[in-house]
Every structure is written in C-alpha cells, then in structure tokens.
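Let me begin by presenting the structure, written as structure tokens, before commenting on it.
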Amino acid sequence: IVTVSDFARTLTSNGKGTDHAWGGHHLVLGGKVRGGQVFGEYPSDLGPEAPLNVGRGRFIPTRSWEAVWKGLAQWMGVEDGRL
C-alpha cells in the first residue's frame with residue numbers, strides 16, 4: 001500500500017487557525033517493506049531560526065515529492081532504462 005499527501009498545515013497560528021503549508025507525507029506499507037526509515041533528512045532543528053524553516057513552521061523539503069517513485073518502480077520490477 002502506498003499513500004501520498006501534499007497537504008500540510010503551518011505549525012503556528014495566523015490568529016484564526018493555521019494556514020496551508022507544504023506536505024510530503026508518503027507511507028509505504030507491506031510485508032516486504034523495511035520499515036522504520038525516513039526518506040530524506042529529518043530537520044535537526046525545528047526552531048524559528050532553523051535553516052530549513054521559512055517561517056511559521058513551514059520547512060523546505062529535503063527531497064522532491066517525485067523522489068519516492070523511482071524506488072517504488074524499481075521495487076515493482078521496472079527496469080532502470082524505462083524510468
């Protein structure tokens with residue numbers, strides 16, 4: 001099973017709630033999945049001055065959302081020449 005979402009929310013309020021933000025939530029589940037891994041780099045600093053924080057808890061992704069598809073295609077047997 002593969003799930004994908006590009007939806008996220010800011011971590012701080014705009015005074016009436018939170019705003020849309022970047023999301024890159026992908027889950028891969030199944031019997032042969034080696035779990036417990038993060039694809040990309042989890043920020044070591046979540047503070048307001050963190051290098052990847054562009055304000056209000058919006059973090060610049062360290063991998064493009066498309067990056068997950070190559071590994072999944074290879075896992076499903078697609079040859080590298082067809083990627």
Side-chain angles (χ1 to χ4, degrees):
I1 298 172
V2 179
T3 67
V4 178
S5 175
D6 65 350
F7 182 79
R9 289 286 186 181
T10 57
L11 297 179
T12 59
S13 175
N14 63 12
K16 296 182 180 180
T18 59
D19 293 318
H20 290 269
W22 292 301
H25 311 99
H26 296 56
L27 299 174
V28 180
L29 306 126
K32 296 197 178 205
V33 174
R34 291 182 312 214
Q37 301 177 49
V38 173
F39 184 62
E41 299 171 32
Y42 191 83
S44 60
D45 182 359
L46 297 175
E49 302 300 320
L52 297 176
N53 188 341
V54 295
R56 299 194 49 228
R58 293 171 297 166
F59 288 82
I60 298 171
T62 59
R63 296 280 190 273
S64 70
W65 68 271
E66 301 100 332
V68 70
W69 299 116
K70 179 179 180 185
L72 286 171
Q74 290 171 323
W75 184 46
M76 291 187 220
V78 176
E79 299 170 5
D80 284 343
R82 298 194 58 144
L83 297 174

Can you tell me which residue pairs pass the salt bridge (charged side-chain N to carboxylate O under 4.0 Å, His left out) test with a partner in residues 7-18, sequence neighbours excluded?
none
Can you measure from CG (Leu52) to CZ (Phe59) and round to the nearest 0.5 angstrom?
7.5 Å
Under 3.5 Å donor-acceptor pairs involving side-chain atoms of residues 32-50, not counting sequence neighbours:
{"residue": "Gln37", "atom": "NE2", "partner": "Arg34", "partner atom": "O", "Å": "2.8"}
{"residue": "Asp45", "atom": "OD1", "partner": "Gly47", "partner atom": "N", "Å": "2.8"}

Kindly indicate whether the side chain of Ile60, heavy atoms from C-beta on, has any atom under 4.5 Å from the side chain of Val54.
yes
With Arg56, which residues qualify under side-chain hydrogen bond (donor to acceptor under 3.5 Å, both in side chains), at least two apart?
Thr10, Thr12, Asp19
Please test Thr3 against Ile1 for side-chain contact (heavy atoms from CB on, under 4.5 Å), starting from the C-alpha separation and ending with a verdict.
CA-CA 7 Å; Thr3 67; Ile1 298 172; 4.2 Å; yes
Which atom pairs, donor and acceptor, lie under 3.5 Å between side-chain atoms of residues 72-83 and protein residues at least two apart or in another chain?
{"residue": "Gln74", "atom": "NE2", "partner": "Asp80", "partner atom": "OD1", "Å": "2.7"}

